[in-house]
Amino acid sequence: MTDRRPTARFWSSFGPGLLWAAAAIGVSHLVQSTRAGAVGGFALCGVILLALVLKYPFFEYGPRYAAATGTSLVEGYSRLGRWAVWLYLLITVSTCLFVQTAVVMLTAFLIQFAFGLSWPLPATAAVLIALCAGLLWLGRFKGLDIAVKVIMALLALSTLAAAFVSLPRADLSTLALWPSSIGSAIPFAFLLALVGWMPSAIDISVWSSLWTLAKDESSGVRSSVNTARLDFQIGYVGTAFLAFAFVVLGAGVMFGSGQSFSPAGGAFSTQLIDLYSQTLGTWMRPVVLVAVVTTMVSTTLTVVDGFPRGIERAVAILRKSESATAPAPSAGKTYWTSVAVLAVATVLVLSFFIGNLTTMVDFATIVSFLTAPALGYLNLRAVTAPEVPEECRPGKAMRALSWLGLVLLGGVGLVYMGTLV
């Protein structure tokens, strides 16, 4: 008889990779990948593929470290020195409001359009965040885990169906390893913004490590390094496929049409759905609605959970509290305080700033691009530290890819900063 225990152990640990994918598949895909297809057809596919390859190690180190040590990447940072935890916390605190506002703004616009609501945008955003927080309060990690699995299934099916229908309309002759029109048709700043959140910002590797520990706590089964890596790789490959699916949608419905996406959030969401419906047929409208709404709802849910989870862990370690050495982090006072503060701040920002969606998104993604080398370096240092067993550390090829990613991301970031100066 076949031993099914490894399979049973994998399914007990399965889920954090999908949570990571849900966090990644959001603005980077729906807005940036679609815009990439609309602006350059398939010319930016090489850029997207390069970003997916170069940033892979830094994301994979999150679940790898958690499974190998039983602690999160934040603890890994603390073993490098308190400065590393402060750096992570500074980057998180300085970017979380921009990121959450951009995500919630687009999600709220899409929900209003999908359900025909005429509420003020801040009211829709407040209800959305409250529903996410309520799910997290009632279901804790288990509720988050189950909800995201259902949402991700709907997201994958609807997005791939829409991309399949639109592919024959796309101009495949634009496919290139590297775009030749950077600086003219394709602005350099947009290129950085695309890579900044493709597939996501490096800081969600910390969330991934925390979700791995939370899953262990929820299931009562300790993930092995191989199990945690396989779980993550399933989510990563799915994220990559969907990134290209949204490029297909943008290339199929807008490239060469003479139209461009509006920078305003409300107009962008309306234009997105209408263009899909006009190009693919009204029968595809429900499929597209499900795809775009589930994309952003899943991202909102994970963002509402992820930032507070990372902040709570960093604060606990900096305070040297008892919880800082706990084997699995549970949502506590700092977590819920962060959820509340971010919720109120997001609604206030949307009350006074309901305007240029793409500008806010580009700003947040460029900041993520510029901070990626620092966080990537911390991840590499943590996963190769003495507390990680030798057999659990990345091999020579993975380390070489990590250094290549750090050099290229850091170099391009310096070039961009030089152009600003």
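These figures come from a predicted structure and were not determined experimentally. Numbers here are sequence positions counted from 1.
With hydrogens and angles ignored, the 3.5 Å screen pairs no side-chain donor or acceptor of His29 with any backbone N or O of Val247. Judged purely by atom type and a 3.5 angstrom limit, Glu312 uses its side chain to pair as donor or acceptor with the backbone of Gly332. Remark: side-chain polar atoms of Arg222 are paired, donor with acceptor, to backbone N or O of Ala67 under 3.5 angstrom. Between the side chain of Lys55 and the backbone N or O of Gly405 there is no donor-acceptor pair closer than 3.5 Å. Side-chain atoms of Thr299 come within 3.5 Å of backbone atoms of Ala22 as a donor-acceptor pair (strictly under, hydrogens ignored).
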Evaluate the side-chain contact (heavy atoms from CB on, under 4.5 Å) criterion for residues Val412 and Leu192: first the C-alpha distance (whole Å), next the side-chain angles of each, then the deciding distance (0.1 Å), finally the verdict. CA-CA 8 Å; Val412 174; Leu192 294 192; 3.4 Å; yes

List the steps, then state whether side-chain contact (heavy atoms from CB on, under 4.5 Å) holds for Leu19 with Trp207. CA-CA 9 Å; Leu19 286 172; Trp207 306 0; over 6 Å; no

Test Met296 against Phe109 for side-chain contact (heavy atoms from CB on, under 4.5 Å), laying out the working first. CA-CA 10 Å; Met296 293 312 304; Phe109 275 129; over 6 Å; no

For Met398 and Arg64, run side-chain contact (heavy atoms from CB on, under 4.5 Å): C-alpha distance rounded to whole Å, both residues' side-chain angles, the deciding distance at 0.1 Å, then the answer. CA-CA 13 Å; Met398 185 75 91; Arg64 180 196 288 263; 3.9 Å; yes

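Distance check, rounded to the nearest 0.5 Å: CG of Leu375 to CD1 of Ile91 gives 4.0 Å. Ile25 contributes atom CD1, which lies 10.0 Å from atom OG of Ser33 (distance to the nearest 0.5 angstrom). One distance of note links CG of Leu213 with OG1 of Thr69; it measures 7.0 Å at 0.5 Å rounding. Expressed to the nearest 0.5 Å, how far OG of Ser338 lies from CZ of Arg309 amounts to 11.5 Å. A distance of 3.5 Å separates CD of Gln112 from OG1 of Thr124, quoted to the nearest 0.5 Å. Between the CD1 atom in Ile317 and the CZ atom in Arg82 there is a gap of 10.0 Å [rounded to 0.5 Å].
Within the 4.5 Å cutoff, the side chain of Leu194 has no heavy atoms near those of the Phe369 side chain. Within the 4.5 Å cutoff, no side-chain heavy atoms of Asn379 are placed close to those of Phe59. At a threshold of 4.5 Å between non-hydrogen side-chain atoms, the residues Pro308 and Trp336 do not count as touching. Between Ser72 and Val206, every side-chain heavy-atom pair lies at or beyond the 4.5 Å cut-off. Between Leu44 and Val47 there is a side-chain heavy-atom pair separated by less than 4.5 Å. With contacts defined as side-chain heavy-atom distances shorter than 4.5 Å, the pair Thr95/Asp203 qualifies. Proximity of Tyr377 to Phe58: side-chain heavy atoms (C-beta onward) are nowhere separated by under 4.5 Å. Side-chain atoms of Phe307 and Val339, non-hydrogen and from C-beta on, never get closer than 4.5 Å to each other.
Using a cut-off of 4.0 Å between Lys/Arg side-chain N and Asp/Glu carboxylate O, Glu75 and Arg313 are scored as salt-bridged. The pair Glu390-Arg393 counts as a salt bridge, with a side-chain nitrogen and a carboxylate oxygen less than 4.0 angstrom apart.
A donor-acceptor contact closer than 3.5 angstrom links the side chains of Trp211 and Asp305. Inspection of the Ser402 and Tyr61 side chains reveals an N or O donor paired with an N or O acceptor under 3.5 Å. Inspection of the Thr212 and Ser223 side chains reveals no N or O donor paired with an N or O acceptor under 3.5 Å. Looking only at atom types and distance, the side chain of Tyr65 has a donor-acceptor partner in the side chain of Glu387 under 3.5 Å away.
Here the closest non-hydrogen pair linking Ile129 and Ala343 is CG2-CB, 3.5 Å. Residue Pro63 comes nearest to Ser208 through the heavy atom pair CD-OG, 3.3 Å, listed as atom of the first residue, atom of the second, then distance. In this structure, Ser209 and Ala66 approach most closely via the heavy-atom pair O-CB, 3.5 Å. Nearest heavy atoms, Gly376 versus Leu406: C-CD2, 3.9 Å. Residue Ile202 comes nearest to Ala372 through the heavy atom pair CG1-CB, 3.6 Å, listed as atom of the first residue, atom of the second, then distance. In plain terms, the two heavy atoms of Val293 and Ala114 that are nearest each other are CG2-CB, 4.0 Å.
Aromatic pair Tyr236/Phe232: ring centres closer than 6.0 Å. Under the 6.0 Å cut-off for aromatic ring centres, Trp83 and Tyr77 do not qualify, their centroids lying 6.0 Å or more apart.
When each of Thr346, Leu342, Val303 is checked for a side chain to side chain contact (heavy atoms under 4.5 Å, CB included) with Cys96, only Leu342 meets the rule.
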